Each structure stands twice: as C-alpha cells, then as structure tokens.
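Please read the structure below before turning to the comments.
Numbering of ligands and ligand atoms starts at 1, following listing order. Quick caveat, the model's predicted, so the values are computed rather than measured.
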Amino acid sequence: LSLLFLGWLTSPSAWHNKYPVAHGSRQSPIDIVPHQASRDPNLSQIVLNYDRCTSINISNNGHSVVVEFDDTDDRSVIQGGPLDNPYRLKQFHFHWGEKGCEGSEHTVSGNSYASELHLVHWNAVKYKTFDEAATAPDGLAVLGIFLDTGDDHRWLHTITDALYMVKFKGSITDFKDFNPKCLLPSSLHYWTYLGSLTTPPLHESVIWIVLKDPITVSEKQLGKFRMLLFTGEEEDQRLRMENNFRPPQPLKGRKVRSSN
Ligand SMILES: C[C@H](CNC(=O)c1ccc(S(N)(=O)=O)cc1)Cn1ccc2ccccc21
Ligand SMILES: [Zn+2]
C-alpha cells in the first residue's frame, strides 16, 4: 500500500524499528489462556464510578475512533481489583477487523473476538498529567471489553450514529452526555496482567484489566466502524479503517491473574 510504503501507516511488525520497546518484556496484547491464569483471592472486584462522567468529543485519530472525557478531576474513575489508586477515565476507543472472526487485540485460548473496546484511565494520584502517566510502569489502567457479533446492542447506536461525522482522519465533533457504563457486560469478572500500549509509542505503562464476558453487537453496527477512513479528507487515497488491531505478543514469563 502506498501509505505503508510512505511509512505513514506502518504495520505492527515494523514498529520495532522506531520503537524498540516493541520487543520489550511487557508488551500487549497477549493471548489469555484461562486455565493457566492464577485465581488470586486478594483480587477484589473492580469498581467503576462513572455516574458523573463528562464525555466531550468523538474523533478519528487515524488509528481508531476515540471518545474523550473531562479528566480534570475524579468525576469518573476505576478503582479496586489490582489497582492501588483510583485511575481517571480519559478516553475510550475500539479495535476491529474486516470480517467478524477477527478484530480483538487480546485473544482467549487463541480465539479472537470481532472487536475490543478499551477504556483508558490514568493514575492522577501519582502523576500530574496523562502524558507523564503514559510513560510510568503504573501510570495507566485500561479496561478491555470484547465485542461479539449477534443481536443489535441497544446503546451502541449512539456511537455508530456519530461515526459519519468523523469519517476522515483528523475529524472531531461534540459528543456530550455519553456514559460508557451502557457498554459493560453483566459480569465484571476479569483477567489482569502488566502490559503496554498496543499502538506506538507502545509504552510499558498499562495495568490491563480484561473482562471475561463480551458484549454483543450486530454485524450491521460493526460494519459502520468500517466506513471510517485511515486517511484524511485532503488525501486522494481512501483507506477504510479496519484491522486496526495488534496481534498477541510474547508473555515473557508474565503471570495473568483471574478475579474470583
Ligand atoms: C501515548 C499517547 C498516545 N497514545 C495513547 O494515549 C494510547 C492509549 C491507549 C492505547 S491502548 N490501545 O493500549 O488502549 C494506545 C495508545 C500520547 N503520548 C504521550 C506521551 C508520548 C510520547 C511519545 C509519543 C506519544 C505520546
Ligand atoms: Zn486500544
């Protein structure tokens, strides 16, 4: 692809050239093997205090579609589980494929889901800014939620109806009064492990919390994500945004823990 050739849209296998940490000891995503995860009785449940969250905008950053939140105070935080502090919700975004059988970043016993939702939080107790936290080993906490295909998701339309407004890379529009609690599965049982950002700069700064249960969305709803473009309005090449997922990375001796 000319964009690949131009080095703009680099493939995951080339990222190590510019970001050597791509071959680091705690890279994400990983393949999660449930029976090899250790049940840890000290792992409490995770608590999501999103009731006063303030969504601000939705945008296409050329990698995914991102909904950003007001993170100037502790109005929406995740806490408990493996976390020693509350972590502030900053944004959520998705990863997806070009067909239903792949698209998630984490896999479970080698199996992919159609998509994966990432709710990105940062440790504002220990760090002053998101960018500072994004480079610290305990700086970020990302809640991963798998998306399965089946019936329509009753609340996802609020997001998919806005996607036409952010078709091109670099586009952004208001997106108020959205509470991501409506995107949670019924159970908050999870796996947790120490990992990284799954896109450059691949900082090894993420405490991953991956929910065991997926949510269900329809092929039609997922198809609307595929009408987004990697390319900007001014570019003559139009590249559909799909397969924006990094494949699983080596575990390198890490332990995956399981909530009860
Ligand atoms: C990281 C930040 C841009 N990336 C992210 O915020 C991010 C968040 C979550 C994920 S995922 N898919 O793992 O949930 C991936 C990327 C900007 N930024 C801050 C410091 C910094 C330094 C160099 C370049 C960019 C930098
Ligand atoms: Zn992500």
Close side-chain approach of Leu163 and Phe225, heavy atoms under 4.5 Å: yes

Number the atoms of ligand 1 from 1 as they appear, then name those within less than 4.0 Å of a heavy atom of Leu197, with their elements. 1 (C), 7 (C), 8 (C), 9 (C), 10 (C), 13 (O), 15 (C), 16 (C)

Any protein heavy atom at under 4.0 Å, with atom 3 (C) of ligand 1 as the reference point? no

Set out, in order, the CA-CA distance, both residues' side-chain angles and the distance that settles side chain to side chain contact (heavy atoms under 4.5 Å, CB included) for Val142 and Leu119, then state yes or no. CA-CA 5 Å; Val142 181; Leu119 293 132; 5.9 Å; no

Should His95 be listed as contacting ligand 1, given a heavy-atom distance under 4.0 Å as the test? yes

Proximity of Trp15 and His23 rings by center, below 6.0 Å: no

Indicate yes or no: does Asp152 engage Lys220 in a salt bridge with an N to O separation below 4.0 Å. no

Atom 26 (C) of ligand 1: the protein heavy-atom neighbour that sits closest, reported with distance to 0.1 Å: Pro201 CG, 4.1 Å

Which bit of Trp208 gets closer than 4.0 Å to ligand 1, counting heavy atoms only: side chain, backbone, both or neither? side chain

Option set Leu202, Leu143, Thr198, Asp131, criterion heavy-atom distance to atom 20 (C) of ligand 1, minimum: Asp131

Using 2.8 Å as the cut-off, count the protein N, O or S atoms closer than that to the Zn ion (ligand 2). 3

For ligand 1, find out whether one of its N or O atoms is nearer than 3.5 Å to an N or O atom of His203. no

Go through ligand 1 atom by atom and flag the ones less than 4.0 Å from a non-hydrogen atom of Phe130. 6 (O)

In terms of heavy-atom contacts, does CG of Asp151 have more than 12 from other residues, nucleotides or ligands at under 6.0 Å? no

Under 4.0 Å between heavy atoms, the region of Val142 that gets near ligand 1 turns out to be side chain

Is there a side-chain contact between Thr192 and Leu43, using heavy atoms and a 4.5 Å cut-off? yes

Test: Glu219 and Lys224 ion pair at under 4.0 Å: no

State, yes or no, whether a side-chain contact exists between Thr173 and Asn57 at a heavy-atom distance under 4.5 Å. no

Paired with Phe178, the ring pair (Phe, Tyr, Trp, His ring centres under 6.0 Å) test is passed by just one of Tyr50, Phe92, Trp155, namely Phe92

For ligand 1, is His93 a contact, meaning one of its heavy atoms is under 4.0 Å away? yes

Identified ring pair (Phe, Tyr, Trp, His ring centres under 6.0 Å) partner of His106 from the options Tyr190, Tyr193, Tyr113: Tyr193

Ring centers of Trp122, Tyr87 separated by less than 6.0 Å: no

Thr199 neighbourhood, listing ligand 1 atoms whose heavy-atom distance to it stays under 4.0 Å: 15 (C), 16 (C)

